[in-house]
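What's counted below: heavy atoms across the whole structure, side chains too, no hydrogens, waters or symmetry copies. Letters A, B, ... mirror the listed sequences (proteins, then strands); counts begin at 1.
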There are 2 protein chains.
Amino acid sequence: MAKIGIKQVAALSGVSIATVSRTLRNPEIVSEKTRQKVNDAVKKAGYKPNKMGSSLRTQESGNIVVIIPDVTDPFNSGIICSIEREAQKMGYSVLLGDTQNDPKRAEQYAEMVEYGQADGILLFSYNLPLEVVPDEKGNVNLPPIVNVCESTAYDGIHKVMVDDEEGARKATQHLIDLGHKRIAVITGNENTTTNANRLAGYRKALRTSGIQIDDKLVMQGNYQIDSGVEQTKKLLLFKDRPTAIFCFCDLMAMGAIKVLHDHGYSVPRDMSVIGFDDIKFAEYTYPAISTIRQPVDEIGKTCMHQLYQLLKGKPAEKYIELKTELIVRDSTGPAPRK
Amino acid sequence: MAKIGIKQVAALSGVSIATVSRTLRNPEIVSEKTRQKVNDAVKKAGYKPNKMGSSLRTQESGNIVVIIPDVTDPFNSGIICSIEREAQKMGYSVLLGDTQNDPKRAEQYAEMVEYGQADGILLFSYNLPLEVVPDEKGNVNLPPIVNVCESTAYDGIHKVMVDDEEGARKATQHLIDLGHKRIAVITGNENTTTNANRLAGYRKALRTSGIQIDDKLVMQGNYQIDSGVEQTKKLLLFKDRPTAIFCFCDLMAMGAIKVLHDHGYSVPRDMSVIGFDDIKFAEYTYPAISTIRQPVDEIGKTCMHQLYQLLKGKPAEKYIELKTELIVRDSTGPAPRK
DNA sequence: CAGTATCATGTAAACGTTTTATGTAAAAAT
DNA sequence: ATTTTTACATAAAACGTTTACATGATACTG
């Protein structure tokens, strides 16, 4: 069985290959009857237009690459999932760019667009894997790229962010409202913007309520589950223990709760724990985790939409901030009376 | 800044484009000194060979597509992660094919190879998204594809599987060894092979130990967390309750434990729970989940290796089965004395 | 009816590579 | 000195599309 390309279809339907191509891309500019003929031939021959051929000609790969630190993280996989769904609707395929937290790999993935393997980038990272080289007129020449959730230092890039500061403020305020005064925090990766913003929100809430900020209560985590475990263990050794822990992601909250249980503490009776993200499992742990919900679907939809604008050379907003929501479940409760 | 292609590099280094190409693909067949010249020019010009051009010519996209039901499932995301790592080493990029459990989408992704967008398929599904059309000589013409973890009905396809039956047997035996006699099971999706095999293993263990098989104790789940919740609730209403639950995945085990806690049962004192998969979080829940570990990294590595063989037209084993391992943690314990 | 606008199609030139067949100069063999 | 071999390098032909331009037919205008 010889390979069937556009030529074969053209021959079969008795028109030129140009007409075949037009029938498939711009059906409206070809007459009703030839359109019929061609479509029949396409169906009959089972013609599948070769993507590489068309990509080469159009200079569009039809791919986007999403650069993300770790697909294994439930928050990330949620995002990826919603992006993929959205991308498919728009006719794009997604190349997976799991960096495993290695900046070099991020760079490699970013290069995909220079190699013409991808048309655009969705970047979940705080460091830009691209050189920003201003031309003679001083304006830079970035590929279509949108920075999502984590903000890079570079301002020129389009961003879709979440109101991390406000989210963290709400979480902290929730604990304060429950009567907690000594509220520990387990942070995310040190140099991430999400982390900085959440920390700011935490401090703001304390300040507003006139609670003394104690830097000993901010424990350095890294968004991974074991850092939640580790830091909580440390907290338990404090002489004046906190009565609540605000973890900067649900995963660390899971770790924290685990440790508390293991040490015989009841959550939330002895200690409240609140997370961030609202990953799928947050409501299925015991106790169900109170958290700050990030609008995962909306994030995926929005960043993909923004990227689409960029890809098509249409105007796109430079900065979009999405809202979080406080979800109260069972891991937070009134502060224990001393 | 004009776009720099192979032509520009050729001009810059004073050789033909053919020589440039050879220098990059087959350095060994070009003389030392021209190789130098060319490499210098490549570096100086910052030349990035266009993937579409080369793909079109070589008829290889350099992509593989992994078709998987739901990236959001921690077991799946673990697999994807290990595949991606392996693929990258081999010079392949991975296209994400999250089907969201929709067979139509699976088909679309599978078609990527017919469109020349991908060279091969890693298929995590029990239904083959491809027509198997035997030619005149009776042999079928499948694209490079390997079926992973879930087995399709079609035998002709290369498979990398896990010893689900033996795994389930071990899990059940573990419970039996702890003195449990009434052991419930929460299954996965009805028509999956994993499910059938695990069920077989469960039954085998009971039979071997001379325990009466009670089909009322096999509850239909679907590998998703809420089915663990739902079915456990049902189990609690039984007059002669089981003393242990074997969930066919850790997610459902999480759900089960959650329900048990909510209803005031202590795990494992009142009821033992064992899962399957050993997802990353299994050891961080409270109590930590006893489970059957699937060798995620090995699965990714193996199936990618098999696919590679197929892609390169080298021989590949038709069937590989990987071993599971019983991991005893805290969610299983001695059967309560009545 | 000449002239012009409109429309449907065909022709051929790209797109950026790789690679086969061909050529050429230098090295080796006679 | 002449031929044969070797080692490179080149020119040109693919790969499978899309699309600018050309062409011819048809319809419309004054």
**Request:** Starting at atom CD1 of B:I29, determine the distance to atom P of D:dA7, rounded to an integer number of angstrom.
**Result:** 12 Å

**Item:** Within residues 112-120 of chain B: residues closer than 4.0 Å to DNA chain C (heavy atoms)
**Value:** none

**Item:** Candidate nucleotides D:dA9, D:dT18, C:dT18, ranked by approach to the side chain of B:T34 - the nearest
**Value:** D:dA9

**Prompt:** Quick one: is the NZ or CZ of B:K51 closer than 6.0 Å to the six-membered ring centre of A:Y115, and within 45° of its axis?
**Reply:** no

**Request:** Decide salt bridge (Lys or Arg N to Asp or Glu O under 4.0 Å) for A:E150 and A:K159; before the verdict, give the C-alpha distance in whole Å, the side-chain angles of both, and the deciding distance to 0.1 Å.
**Result:** CA-CA 9 Å; A:E150 271 294 350; A:K159 299 189 183 190; over 6 Å; no

**Fill in**
Between A:Y154 and the options A:V140, A:N127, A:L130, the side-chain contact (heavy atoms from CB on, under 4.5 Å) test singles out A:V140

**Asked** Could you state the CD1-P distance from A:I17 to C:dA13, rounded to the nearest angstrom?
**Response** 12 Å

**Message:** Please report the distance, rounded to the nearest Å, between CG in A:L24 and P in D:dG16.
**Reply:** 16 Å

**Item:** Global bending angle along the helix from C:dC1-D:dG30 to C:dT30-D:dA1, which compares the axes of five pairs at either end, to 10 degrees
**Value:** 50°

**Item:** Nucleic acid contacts - residues 48-61 of chain A versus DNA chain C, non-hydrogen atoms under 4.0 Å
**Value:** A:L56, A:R57, A:Q59

**Fill in**
Checking C:dA12, D:dG16, D:dT18 against the side chain of A:K3 (C-beta onward), the nearest is D:dG16

**Prompt:** Should the pair B:K89-B:E86 be classified as a salt bridge under the 4.0 Å nitrogen-to-oxygen rule?
**Reply:** yes

**Request:** Kindly point out which of D:dA9, C:dA8, C:dT18 is positioned nearest to the side chain of B:I6?
**Result:** C:dT18

**Item:** A:K37-A:S13 side chain donor-acceptor pair, cut-off 3.5 Å
**Value:** no

**Complete:** With the side chain defined as heavy atoms from C-beta on, B:Y47 is closest, among C:dA8, C:dG10, C:dT17, to C:dT17

**Prompt:** Is it true that A:R85 and A:D297 have a side-chain N and a carboxylate O under 4.0 angstrom from each other?
**Reply:** yes

**Message:** Between B:E28 and B:R35, does any side-chain N to carboxylate O distance fall below 4.0 Å?
**Reply:** no

**Asked** Pick from A:L310, A:L128, A:T152: which one makes a side-chain contact (heavy atoms from CB on, under 4.5 Å) with A:I145?
**Response** A:L128

